[in-house]
Engineer: 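Input: one structure, supplied below.
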Amino acid sequence: MARFLAYIAKRVFLYIIMVFVATSFTYFLANAFMSPRSNYESKTPRPPQESIERSLDQANLNDKTPIMERYQKWLTSVVTRFDWGEAPNGDAVNRDISARIMASVELMTLSTIISIVIGVGLGVYTAQRQYQTADRAWSGIASVFMVIPTVVLAILIVFFAIEINTASGTRIFYVTGLSSYTGNNVLLSFVDFLQHILLPTVVLTIITSVGYHLRQRTYLLDEMHTDYVRTARAKGLTRRQAIRKHALRASLIPTAVDVAFSIAGIFTGAVMTEKIFAIHGMGEYFINCINGNNIHGAVAVAAFSGACTLVGALLADLFAAALDPRIKMS
């Protein structure tokens, strides 16, 4: 246990340093390419110059102030108060991003879990039936969904949902937002949430599970043809036993790594789905930050993405160590 805790502490310490370096680099990069000043100068009528300078100074976004002075002020605010600064319009980044994170968590958690279970399960199922009818059928379906753009798939699902609502004469599915119920009944609130979350969950599950399915199939097929699996078969294990006890465990390790390093993209990359279903999550916020020259908001999203990736990497390390006893916690 002591060795395990020491391993966790060491990894967490290294990850904190990595997040700090990556976030700092993003801060300097964002300041080099974004111009909050243009947000004020492009207004009609144009505000007085003194007002522009005062607003930029207040938000710590004045490009006339030395970059290191701005960075030091911003970093001190983050470290001492966990205050990620202000947007060019004066809105607090903490307030804006907190609601967005919750929306993304509600949107992505369920679809991520389901897609991993379905994708990995199908990958294992089809790999054991290579070139059989089931394998060809599921691989063909996966190939079709892989080439369908997210926007097209989402619109098709919305169309069918609207048709079902019309045919049933009642609203079974909602196509915008994450909730509309304003009462205090917990059960009704939960049902309302399910009605809203079902369609975007279906879209994201299909898109994500296809990748997990094809990758897990490839990983397992590679392991099934290795020498140690042949040796296990020669010692008397059946094909199914050799796959379950040896090949499957090894093939899940790269899958765990894939899942770990896709966490950041899962939370910040669902832009099209968020737009179509009017869900104001992290993906939409990141795009708005770039379009609105919101330096502090973009850096906060980058830090969140880095933290998600590194948490996923830590979980992948632990999962790999649990699957493969040759990996030592040291």
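Note: hydrogens, waters and symmetry copies are ignored here, and every other heavy atom, side chains too, is used.
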Engineer: Would you say CZ of Phe33 has more than 12 non-hydrogen atoms from neighbouring residues, nucleotides or ligands within 6.0 angstrom?
Structural biologist: no
Engineer: Quick one: are Ile279 and His196 in side-chain contact, heavy atoms under 4.5 Å?
Structural biologist: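 Result no, sub-4.5 Å side-chain heavy-atom pair not found.
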Engineer: Compare every heavy atom of Tyr131 with every heavy atom of Arg136, then report the nearest pair and how far apart it is.
Structural biologist: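 Of all heavy-atom pairs spanning Arg136 and Tyr131, the closest is NE-O, 3.1 Å.
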Engineer: Please tell me whether Val311 and Met102 are part of a single hydrophobic cluster in this structure, the criterion being side-chain heavy atoms less than 4.5 Å apart.
Structural biologist: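 Val311 and Met102: separate clusters.
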Engineer: Evaluate the criterion side chain to side chain donor-acceptor pair (under 3.5 Å) for residue pair Arg11 and Tyr15; output intermediate values, then yes/no.
Structural biologist: CA-CA 6 Å; Arg11 300 296 285 183; Tyr15 288 161; 2.9 Å; yes
Engineer: Between the main-chain N or O of Trp84 and the side-chain N or O of Asn94, is there a donor-acceptor pair closer than 3.5 Å?
Structural biologist: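 Such a contact is found between Asn94 side chain and Trp84 backbone.
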Engineer: Does any N or O in the side chain of Arg230 come within less than 3.5 Å of the main-chain N or O of His225, such that one atom is a donor and the other an acceptor?
Structural biologist: yes
Engineer: State the CG-CE distance between Leu204 and Met108, to the nearest 0.5 angstrom.
Structural biologist: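 Leu204 CG to Met108 CE: 4.5 Å, rounded to 0.5 Å.
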Engineer: Counting heavy atoms not belonging to Phe160, are there more than 12 under 6.0 Å from its CZ?
Structural biologist: no
Engineer: Do other residues, nucleotides or ligands put more than 12 heavy atoms under 6.0 Å from the CD atom of Glu41?
Structural biologist: yes
Engineer: Apply side-chain contact (heavy atoms from CB on, under 4.5 Å) to Gln195 and Arg171, showing your working.
Structural biologist: CA-CA 9 Å; Gln195 289 178 297; Arg171 177 171 287 184; 5.5 Å; no
Engineer: If you look at every heavy atom in Pro88 and Pro36, which pair is closest and at what distance?
Structural biologist: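 So the two residues come closest at CG-CB, 4.0 Å.
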Engineer: Among the clusters formed by ILVMFWY side chains lying less than 4.5 Å apart, do Val175 and Val191 turn up in the same one?
Structural biologist: no
Engineer: Can you name the nearest heavy-atom pair linking Ala232 to Ala242, along with the distance?
Structural biologist: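 Nearest pair, atom of Ala232 first, then Ala242: CB-CB, 4.3 Å.
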Engineer: Are the side chains of Leu221 and Met224 in touch, meaning some heavy atoms are under 4.5 Å apart?
Structural biologist: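 Sidechains of Met224 and Leu221: in contact.
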Engineer: Looking at Ser189 and Asn185, would you say the former's side chain and the latter's main chain have a donor-acceptor pair under 3.5 Å?
Structural biologist: no
Engineer: Tell me, yes or no, whether the heavy-atom count around Asn184 atom CG, taken from other residues, nucleotides or ligands under 6.0 Å, exceeds 12.
Structural biologist: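 Incorrect, the count does not exceed 12.
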Engineer: How many angstroms lie between OG1 in Thr23 and CG in Leu75, if you round to the nearest 0.5 Å?
Structural biologist: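 Answer for the OG1-CG pair, Thr23 versus Leu75, is 10.0 Å.
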Engineer: Is the CD atom of Gln58 crowded by more than 12 outside heavy atoms at less than 6.0 Å?
Structural biologist: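 Atom CD in Gln58 is not crowded, with 12 or fewer foreign heavy atoms closer than 6.0 Å.
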Engineer: Quick one: do the Ser115 and Tyr212 side chains pair a donor with an acceptor below 3.5 Å?
Structural biologist: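 Side-chain D/A pair, Ser115 to Tyr212: absent.
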Engineer: Before accepting this row, confirm whether a basic side-chain N of the pair Arg95/Glu86 lies closer than 4.0 Å to the acidic partner's carboxylate O.
Structural biologist: no
Engineer: How about Phe190: does its CZ atom have over 12 heavy atoms from other parts shown lying under 6.0 Å from it?
Structural biologist: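 It does not: Phe190 CZ has 12 such atoms or fewer within range.
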Engineer: Evaluate the side-chain proximity of Arg215 to Thr255: yes if any heavy-atom separation is below 4.5 Å, no if none is.
Structural biologist: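 A side-chain contact under 4.5 Å is absent here.
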Engineer: Does a donor on one side chain sit under 3.5 Å from an acceptor on the other, for Asp222 and Ser251?
Structural biologist: no
Engineer: If you compare all heavy atoms of Leu61 against all heavy atoms of Ala87, which two are closest, and at what distance to 0.1 Å?
Structural biologist: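 Looks like CD1-C, 4.2 Å.
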Engineer: In terms of hydrophobic clusters joined by side-chain contacts under 4.5 Å, are Val203 and Val105 together?
Structural biologist: yes
Engineer: Checking the side chain of Asn293 only, and the main-chain atoms of Arg37 only, is there a donor and an acceptor separated by less than 3.5 Å?
Structural biologist: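 Not confirmed, Asn293 side chain does not pair with Arg37 backbone.
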Engineer: Check Phe286 against Val301 and note the closest heavy-atom contact, atom names and distance.
Structural biologist: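 That would be CD1-CG1, 3.6 Å.
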Engineer: Could you measure the distance from the CD1 atom of Ile97 to the OH atom of Tyr285? Nearest 0.5 Å is fine.
Structural biologist: 5.5 Å
Engineer: Out of curiosity, Thr109 OG1 to Ile114 CD1, how far, rounded to the nearest 0.5 Å?
Structural biologist: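 Output value for this atom pair is 11.0 Å.
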Engineer: Does the side chain of Cys289 come within less than 4.5 Å of Met34's, by heavy atoms?
Structural biologist: no
Engineer: Would you say Thr208's side chain and Thr205's backbone share a donor-acceptor pair under 3.5 angstrom?
Structural biologist: no
Engineer: Is the backbone N or O of Ser180 less than 3.5 Å from a side-chain atom of Asp192, with the two atoms forming a donor-acceptor pair by type?
Structural biologist: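 A pair under 3.5 Å: yes.
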Engineer: Counting C-beta onward and ignoring hydrogens, is there a side-chain heavy-atom pair between Ile207 and Phe145 closer than 4.5 Å?
Structural biologist: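 When only atoms from C-beta onward are counted, Phe145 and Ile207 do not touch, as no gap falls below 4.5 Å.
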Engineer: Under a 4.5 Å cut-off applied to non-hydrogen side-chain atoms, are Met272 and Pro149 in contact?
Structural biologist: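 They are not in side-chain contact.
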Engineer: Walk me through it: do Met146 and Leu214 pass the test side-chain contact (heavy atoms from CB on, under 4.5 Å)?
Structural biologist: CA-CA 10 Å; Met146 182 171 286; Leu214 296 178; 3.1 Å; yes
Engineer: Checking Thr26 side chain against Ala22 main chain: does a donor-acceptor pair fall under 3.5 Å?
Structural biologist: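 Looks like yes, one N/O pair under 3.5 Å.
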Engineer: Do Trp138 and Ile148 sit in the same hydrophobic cluster, where Ile, Leu, Val, Met, Phe, Trp and Tyr count as joined when their side-chain heavy atoms come under 4.5 Å apart?
Structural biologist: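 Yes, it is one cluster - the side chains of Trp138 and Ile148 are joined through contacts under 4.5 Å.
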Engineer: Going by heavy atoms in the side chains, are Gln49 and Tyr40 under 4.5 Å from each other?
Structural biologist: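 Of all side-chain heavy-atom pairs linking Tyr40 with Gln49, none is under 4.5 Å.
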Engineer: Applying salt bridge (charged side-chain N to carboxylate O under 4.0 Å, His left out), run through Asp57 and Arg54 and close with a yes or a no.
Structural biologist: CA-CA 5 Å; Asp57 285 333; Arg54 184 168 56 254; over 6 Å; no
Engineer: Of all heavy-atom pairs between Ile197 and Leu107, which one has the smallest distance, and what is that distance?
Structural biologist: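 In terms of heavy atoms, the two residues are closest at CD1-CA, 3.7 Å.
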Engineer: With side-chain contact (heavy atoms from CB on, under 4.5 Å) as the criterion, how do Val151 and Ile155 come out once you've worked through the C-alpha distance, each side chain's angles and the decisive distance to 0.1 Å?
Structural biologist: CA-CA 6 Å; Val151 175; Ile155 292 175; 3.7 Å; yes
Engineer: For Arg70, run the side-chain hydrogen bond (donor to acceptor under 3.5 Å, both in side chains) check against Asp63, Asn31, Asn60 and tell me which one passes.
Structural biologist: Asn31
Engineer: Please check this pair: side chain of Glu223 against backbone of Tyr219, looking for a donor-acceptor N/O pair closer than 3.5 Å.
Structural biologist: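 Such a contact is absent between Glu223 side chain and Tyr219 backbone.
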Engineer: Check whether any side-chain heavy atom of Asn89 sits under 4.5 Å from a side-chain heavy atom of Asn39, and report yes or no.
Structural biologist: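 No, their side chains stay 4.5 Å or more apart.
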Engineer: Is Val144 reachable from Ile206 through a run of I, L, V, M, F, W or Y residues, each pair having side-chain heavy atoms under 4.5 Å apart?
Structural biologist: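 Same hydrophobic cluster.
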Engineer: Rounded to the nearest 0.5 Å, what separation is found between the CG atom of Asn62 and the CD1 atom of Ile52?
Structural biologist: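 CD1 of Ile52 is found 10.0 Å from CG of Asn62.
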Engineer: Going through the distances and angles, do Asp258 and Gln216 end up as a side-chain contact (heavy atoms from CB on, under 4.5 Å)?
Structural biologist: CA-CA 10 Å; Asp258 288 342; Gln216 178 60 40; over 6 Å; no
Engineer: How are the rings of Tyr27 and Tyr71 set relative to one another: parallel (under 30°), tilted (30 to 60°) or perpendicular (over 60°)?
Structural biologist: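 Tilted: the ring planes of Tyr27 and Tyr71 meet at 30° to 60°.
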Engineer: What distance do Ile172 atom CD1 and Leu194 atom CG have between them, rounded to the nearest 0.5 Å?
Structural biologist: 13.5 Å
